[in-house]
Peer 1: 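Take this structure first; my questions come after.
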Amino acid sequence: MKYLILFFLSICLVGCSSSKKEQPSKPNIIFIMSDDHAYQAISAYDDTLINTPNIDRIAKEGMLFTNASVTNSICAPSRAVILTGKHSHINGKIDNLSEFDTTNVTFPQLLQKAGYQTAMFGKLHFGNNPKGFDEFMILPGQGEYYNPTFITQKGDTVIQGYVTDITTDLTLDWMKKRRDPKKPFMLMYLHKAPHRSWLPTKKYYTEYTKKTFPLPATLFDDYKTRGTAAKTAEMGILKHMTLVYDNKLTPETMAELGIEDWNNIPPRLGDMNPQQKADWEAVYNPINEDFKKRYPTMNDSTLTVWKYQRYMQDYLATIASVDDNVGRLLDYLDEEKLTDNTLIVYTSDQGFYLGEHGWFDKRFMYNESFKTPLLIKWPNKISAGITENEMVQNLDFAQTFLEVAGVKAPEDMQGESLVPLLTGKKETWDRDAIYYHYYEYPAEHAVKRHYGIATKEFKIIHFYYDVDEWELYDRKKDPKEINNVYNDPNYASVVKEMTQKLKDVRKKYKDSETLDNHYIELYNQ
Ligand code: SGN
Ligand code: CA
C-alpha cells in the first residue's frame with residue numbers, strides 16, 4: 001500500500017510539474033490593429049454610427065484610452081513606429097513609398113530572442129517581409145478585399161474568400177495547430193479593413209446600404225481660419241472622393257449621366273468570382289438606378305450628403321466584419337482558457353475622417369486623424385471598465401510589450417512603457433506634450449508637410465516645405481478645431497510657450513531642421 005501511495009504521489013509530482021511547464025508564466029501578447037479605423041466608428045467611444053460589441057468587450061474588461069494618438073498619421077510609417085519604438089525621423093520610414101530599413105531593431109525580434117513564439121497575419125504594408133517572426137502570412141502592399149493573395153514564408157498563395165474572415169482563419173489555424181503551449185506567444189493580427197476602397201461582405205453591404213447616418217457637424221467646413229494646407233488638401237468628399245472607385249457607381253452610369261470623374265476605375269471588382277460579382281450587382285445596381293433618378297436635381301450640398309451616406313455605408317459595413325472576427329478570436333481565447341494570461345490591444349494605424357471638415361483620409365495632425373482608438377485588456381492587471389485620459393502614442397507599444405515580457409528595452413527607444421498606466425501606478429507618468437511629424441508631400445491627397453506638439457490643452461502646428469505657416473488650437477474650448485487662434489492676441493503668451501515647448505520636444509526626440517531637409521532631399525530623388 002505504502003508503495004502504491006508513493007507511486008501515485010510521484011506520478012502527481014511529474015504531472016504537476018509538466019503541466020506547470022505548459023502554462024508559461026510570461027503573459028501572451030495579442031496586438032490587433034485595423035487599417036484606418038476611426039475611433040468615431042467604435043461604440044466604446046461613440047455609438048452614433050455603429051455598434052461594435054466585440055471590440056467594446058476589450059474596453060469593458062479593460063481600459064479605454066481617450067487620448068491616444070499617432071506620431072505620423074499614415075500606414076507604413078505608423079507600423080514602423082510601432083515595431084521600433086522610434087519616431088519616423090529616427091527609424092527612417094517617413095512615408096509609404098520607401099522600404100523599411102530592416103537593420104532597425106524591432107520589439108518582435110527582442111521577444112523572439114527572449115523565448116516568445118511570434119506570428120503575424122494580415123496587412124503590414126512595408127514592401128519587405130517582417131523580421132523576428134516564427135511565422136507570417138501577410139498581404140502584399142495594401143492587399144485585396146476579395147480572394148486575396150498572401151505572402152508566406154513558403155511563397156505566395158491566393159485564398160478564396162473575404163480578407164477579414166481569412167485573416168482570422170489563418171490566425172486561429174496557427175493558434176490551434178502550430179502554437180507551442182510551452183512558450184508565451186506574441187501575435188500581430190492585422191486587418192486590412194476598413195481601408196479604402198471599402199468593399200464589404202454580402203451580409204453587411206446588404207444591411208448597411210439600407211442605413212442613413214447623421215451628418216457630422218463640420219461636413220460643410222469652409223476652413224475660414226485655417227491656412228493653405230487645409231484649403232488645398234485633396235481629400236474632400238465632394239471634390240476628391242470618386243463616384244465610381246469610392247461610391248461604386250458604374251462607368252456606364254457615369255457615361256449615361258455625362259459625368260466626368262478623374263478616377264473612373266471600379267474598385268477591384270475584377271478580383272471577385274462570378275457569384276461574388278452577381279451578389280454585389282444585385283445590391284449595387286439598384287443604387288445606380290436610384291442615383292440616375294436623383295442626379296438631375298442634385299446640387300453640391302445634396303451630392304455631398306449622398307456621397308457621405310454611400311461612404312459611411314460601405315466603410316462601416318467593413319467594420320462590422322472586423323468586429324465579428326475580433327469576437328471569434330476573443331471567444332477562442334476564452335474557450336482555451338488563454339484569456340487570463342493574455343494582454344490584448346485593439347488599435348488602428350491611425351485615425352480617419354468620417355466627413356469631419358468635409359473629408360475622408362487622414363495625414364493631418366488635426367484631431368480625427370491624429371487620435372487613434374486604443375483599447376487594452378489584461379485580466380488581473382487592469383481593472384475592468386477604466387477610462388484613461390493621459391496622452392499616449394503608438395510610439396509606446398514597443399516598450400510596453402517589452403516590459404510586459406520582462407525584457408529590457410534598448411536605451412534608444414523613444415516611447416514610454418504604458419505598464420504604469422495599465423496597472424494603476426500613475427505617479428511615474430509625467431508626459432505633458434507629444435510630438436507629431438508628417439512627411440508624405442507632394443503626394444496623393446496633397447497634405448502639406450507639418451510637425452507640431454499637442455498638450456492636453458493646446459496644439460501647435462508648423463506647415464513647411466512650400467509654405468511657412470503656423471496654426472494653434474485651443475483643444476478644450478474648440479475640440480472640433482475650427483478656430484485657428486495662432487494670430488489671436490489673446491493667445492500671444494500661449495503661442496510663445498508652445499513654440500518654446502515645440503523646440504524642446506524636437507530636441508528631446510532628436511528631430512531638427514537639418515533632418516527635415518535631409519528627408520526633403522531623399523524624397524525628391
Ligand atoms: C491608397 C489610397 C489613399 C490612401 C493611401 C494610403 N488610395 O493610396 O486614399 O491615403 O492608400 O493609405 S487608393 O485609390 O489606392 O484607395 S495607407 O493607410 O496605406 O497609409
Ligand atoms: Ca492606414
Side-chain angles (χ1 to χ4, degrees), residues 31-42 68-83 88 93-100 122-127 138-146 148 163-164 167 188 190-200 233-237 239-248 261-271 307 310-311 314-315 318-319 322 346-355 359-366 368-374 394 437-448:
F31 183 78
I32 312 175
M33 186 162 75
S34 41
D35 194 354
D36 293 0
H37 193 169
Y39 67 87
Q40 310 92 294
I42 292 182
S69 61
V70 293
T71 63
N72 182 359
S73 181
I74 183 139
C75 189
S78 167
R79 289 152 204 263
V81 168
I82 290 167
L83 290 172
S88 306
K93 183 91 179 99
I94 56 153
D95 55 44
N96 271 345
L97 317 168
S98 54
E99 275 202 350
F100 175 67
K123 181 178 169 185
L124 175 64
H125 195 192
F126 263 7
I138 56 172
L139 297 163
Q142 296 285 6
E144 297 304 338
Y145 275 101
Y146 276 88
V163 73
T164 308
T167 303
M188 299 190 87
L190 310 172
H191 284 296
K192 168 196 168 57
H195 193 275
R196 196 182 183 191
S197 54
W198 316 303
L199 305 189
E234 295 175 358
M235 45 197 249
I237 290 181
K239 284 201 187 136
H240 309 103
M241 179 173 276
T242 66
L243 284 165
V244 174
Y245 183 75
D246 294 309
N247 297 141
K248 324 291 178 1
D261 210 335
W262 65 270
N263 187 351
N264 242 350
I265 305 162
R268 307 290 303 189
L269 300 182
D271 295 326
K307 292 178 88 175
R310 284 291 309 111
Y311 166 33
D314 291 347
Y315 175 89
T318 69
I319 290 173
V322 171
Y346 186 91
T347 191
S348 171
D349 60 344
Q350 12 64 210
F352 212 70
Y353 295 94
L354 305 185
W359 288 333
F360 65 106
D361 213 67
K362 54 255 179 177
R363 299 160 192 266
F364 275 112
M365 197 192 169
Y366 303 136
E368 289 78 6
S369 46
F370 172 63
K371 177 168 168 175
T372 198
L374 179 59
N394 59 347
H437 197 155
Y438 171 81
Y439 297 82
E440 197 176 294
Y441 180 82
E444 193 180 6
H445 299 299
V447 172
K448 292 189 186 297

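For reference, positions follow the sequence shown, starting with 1. One-based numbering, in listed order, for ligands and for the atoms of each.
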Peer 1: Show which atoms of ligand 1 fall inside a sub-4.0 Å distance from at least one heavy-atom site of D35.
Peer 2: 18 (O)
Peer 1: Between Y315, F360, Y39, which is the residue that forms a ring-ring contact (aromatic ring centres under 6.0 Å, His included) with F352?
Peer 2: Y315
Peer 1: Do S369 and Y353 have side chains that approach each other closer than 4.5 Å (heavy atoms only, starting at C-beta)?
Peer 2: yes
Peer 1: Show which atoms of ligand 1 fall inside a sub-4.0 Å distance from at least one heavy-atom site of H125.
Peer 2: 19 (O)
Peer 1: Counting non-hydrogen protein atoms only, what is the nearest one to atom 15 (O) of ligand 1? Give residue, atom name and distance.
Peer 2: Y245 OH, 3.6 Å
Peer 1: Tell me: protein heavy atom nearest atom 6 (C) of ligand 1, and distance?
Peer 2: N96 ND2, 3.5 Å
Peer 1: Which residue owns the protein heavy atom closest to atom 8 (O) of ligand 1, what's the atom, and how far is it?
Peer 2: E444 OE1, 2.6 Å
Peer 1: Give me the one residue out of L139, D271, L199 that meets side chain to side chain contact (heavy atoms under 4.5 Å, CB included) with E144.
Peer 2: D271
Peer 1: How does R79 reach ligand 1, by side chain, by backbone, by both or by neither, if only non-hydrogen atoms under 4.0 Å count?
Peer 2: neither
Peer 1: Considering non-hydrogen atoms of the protein only, which is the closest contact for atom 19 (O) of ligand 1, and what is the distance?
Peer 2: Q142 NE2, 2.8 Å
Peer 1: Could you tell me whether the side chain of T347 and the main chain of P373 form a donor-acceptor pair under 3.5 Å?
Peer 2: yes
Peer 1: Among E440, H445, Q350, find the residue that satisfies the side-chain hydrogen bond (donor to acceptor under 3.5 Å, both in side chains) test when tested with R363.
Peer 2: E440
Peer 1: Quickly, which of Y441, W359, F370 forms a ring-ring contact (aromatic ring centres under 6.0 Å, His included) with F364? Name it, please.
Peer 2: W359
Peer 1: In terms of residue, atom name and distance, what is the protein heavy atom nearest to atom 17 (S) of ligand 1?
Peer 2: C75 CB, 3.1 Å
Peer 1: Quick one: name the protein N/O/S atoms under 3.0 Å from the Ca ion (ligand 2), chain by chain.
Peer 2: D35 OD1, D36 OD1, D349 OD1, D349 OD2, Q350 OE1
Peer 1: Distance under 4.0 Å to a non-hydrogen atom of K123: what atoms of ligand 1 satisfy this?
Peer 2: 19 (O)
Peer 1: May I ask you to identify the nearest protein heavy atom to atom 4 (C) of ligand 1, giving residue, atom name and distance to one decimal place in Å?
Peer 2: D361 OD1, 3.4 Å
Peer 1: side-chain hydrogen bond (donor to acceptor under 3.5 Å, both in side chains), that's the test. Do S34 and Y346 meet it? Break it down for me.
Peer 2: CA-CA 8 Å; S34 41; Y346 186 91; 2.6 Å; yes
Peer 1: Tell me, please: is F360 in heavy-atom contact with ligand 1, that is, under 4.0 Å?
Peer 2: no
Peer 1: I'd like to know if K362 pairs up with D36 as an ion pair, taking the criterion as any Lys NZ or Arg NE/NH1/NH2 lying under 4.0 Å from an Asp or Glu carboxylate oxygen.
Peer 2: yes
Peer 1: Could you tell me which atoms of ligand 1, counted from 1 in the order shown, lie closer than 4.0 angstrom to a heavy atom of Q350?
Peer 2: 18 (O)
Peer 1: How would you list, by chain and number, every residue that makes a side-chain hydrogen bond (donor to acceptor under 3.5 Å, both in side chains) with D314, sequence neighbours excluded?
Peer 2: K248, Y284, R310
Peer 1: Under 4.0 Å from a heavy atom of R363: which atoms of ligand 1 are those, numbered in the order shown and with their elements?
Peer 2: 4 (C), 5 (C), 6 (C), 10 (O)
Peer 1: I'd like to know if D35 and R79 make a salt bridge, using a cut-off of under 4.0 Å between side-chain N and carboxylate O.
Peer 2: yes
Peer 1: Write out the residue and atom name of the closest protein heavy atom to atom 12 (O) of ligand 1, then the distance separating them to 0.1 Å.
Peer 2: K362 NZ, 2.8 Å
